[in-house]
Amino acid sequence: MQYPAPISKLIDGFMKLPGIGPKTASRLAFYVLNMKEDDVLDFAKALVNAKRDLTHCSSCFYITDQDPCIICDDSHRDRSVICVVEDSKDVMAMEKMQEYNGLYHVLHGAISPMDGIGPEDIRIPELIKRLQDETVQEVIIASNPSIEGEATAMYLSRMIKPTGIRVTRLAHGLPVGGDLEYADEVTLSRAVEGRREL
């Protein structure tokens, strides 16, 4: 038995979201049907407004509703340091730490030859152009600890180091509260490599 067309369209819409399969999409669609009409309209407006009003900062490419974004526009930020991340969500994760006061550059992806994604397909050319500003003294590469993230970090390091700008990488290692016996070999190896003197 097929669902009525409006429900089928709603299910198809939810299935376009990452990690949502047919069963979850059906559950969400029927949940929406049971919501109050005002709540459904507010939800629909929030979706439309997020898509319509948000853009990317023309400097760092972080998602924003103003250009430049609130971080690039903040005169109290340290403009000598740029932290390079793969996604806008990574900026939020760094900001939660409340320890970093520099600027960001969002690549919107990582180099992945297997997927046909090269340096020109993400925001690397824009980063290299930003680094021509003489105030930048350090680039912190905060790409994910994946094969693609490591390839991106290595590429950026090779491109930036000849300019004399310091290039650093976020340390990898054991999580706070984690037990040594449960750490995998790669994590443990990275932790040993990144050890520091006390």
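Numbers here simply count residues along the sequence, with the first being 1. Quantities reported herein were computed from a predicted structural model and do not represent experimental measurements. Note: hydrogens, waters and symmetry copies are ignored here, and every other heavy atom, side chains too, is used.
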Original post:
Going by atom types only, do Asp78 and Ser80 share a side-chain donor-acceptor pair under 3.5 Å?
Top reply: yes

Original post:
Looking only at heavy atoms, which two atoms of Leu170 and Ala142 are closest? And how far apart?
Top reply: CD1-CB, 3.4 Å

Subject >> Set of residues satisfying ring pair (Phe, Tyr, Trp, His ring centres under 6.0 Å) with respect to Tyr62, sequence neighbours excluded >> reply: none

Pairs involving [range], ordered by first then second residue, that meet salt bridge (charged side-chain N to carboxylate O under 4.0 Å, His left out) (sequence neighbours left out):
range	value
residues 104-114	none
residues 87-113	Arg77-Glu95, Asp87-Lys89
residues 167-193	Glu150-Arg169, Glu150-Arg190
residues 5-26	none

**OP:** Determine which pairs satisfy side-chain hydrogen bond (donor to acceptor under 3.5 Å, both in side chains) with at least one residue from residues 36-60, sequence neighbours left out, and list them in order.
**Re:** Ser58-Asp67

Original post:
Which pairs, with at least one residue in residues 112-130 and sequence neighbours excluded, count as a side-chain hydrogen bond (donor to acceptor under 3.5 Å, both in side chains)?
Top reply: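 The answer is His105-Arg130, Ser112-Asp115, Arg123-Glu126.
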
**OP:** Take atom CE of Met114 as the centre, draw a 6.0 Å sphere, and report whether it contains more than 12 heavy atoms from other residues, nucleotides or ligands.
**Re:**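 Open.
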
Original post:
Is it the case that more than 12 heavy atoms not belonging to Met154 sit under 6.0 Å from its CE atom?
Top reply: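 12 or below, so no.
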
Subject >> Any residue meeting side chain to side chain contact (heavy atoms under 4.5 Å, CB included) with Ile160, in chain and number order, not counting sequence neighbours >> reply: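 Ile160: side chain to side chain contact (heavy atoms under 4.5 Å, CB included) contacts with Leu127, Ile128, Leu131, Val139, Leu156, Thr163, Ile165, Val167.
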
Original post:
By salt bridge (Lys or Arg N to Asp or Glu O under 4.0 Å), which residues pair with Arg166, not counting sequence neighbours?
Top reply: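 Applying salt bridge (Lys or Arg N to Asp or Glu O under 4.0 Å) to Arg166 gives Glu138.
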
What pairs meet the ring-ring contact (aromatic ring centres under 6.0 Å, His included) rule with one or both residues in [range], with sequence neighbours excluded?
range	value
residues 155-196	none
residues 22-53	Tyr3-Phe30
residues 118-142	none

Original post:
In Å and rounded to the nearest 0.5 Å, what is the CG to CD distance from Asn144 to Glu86?
Top reply: 4.0 Å

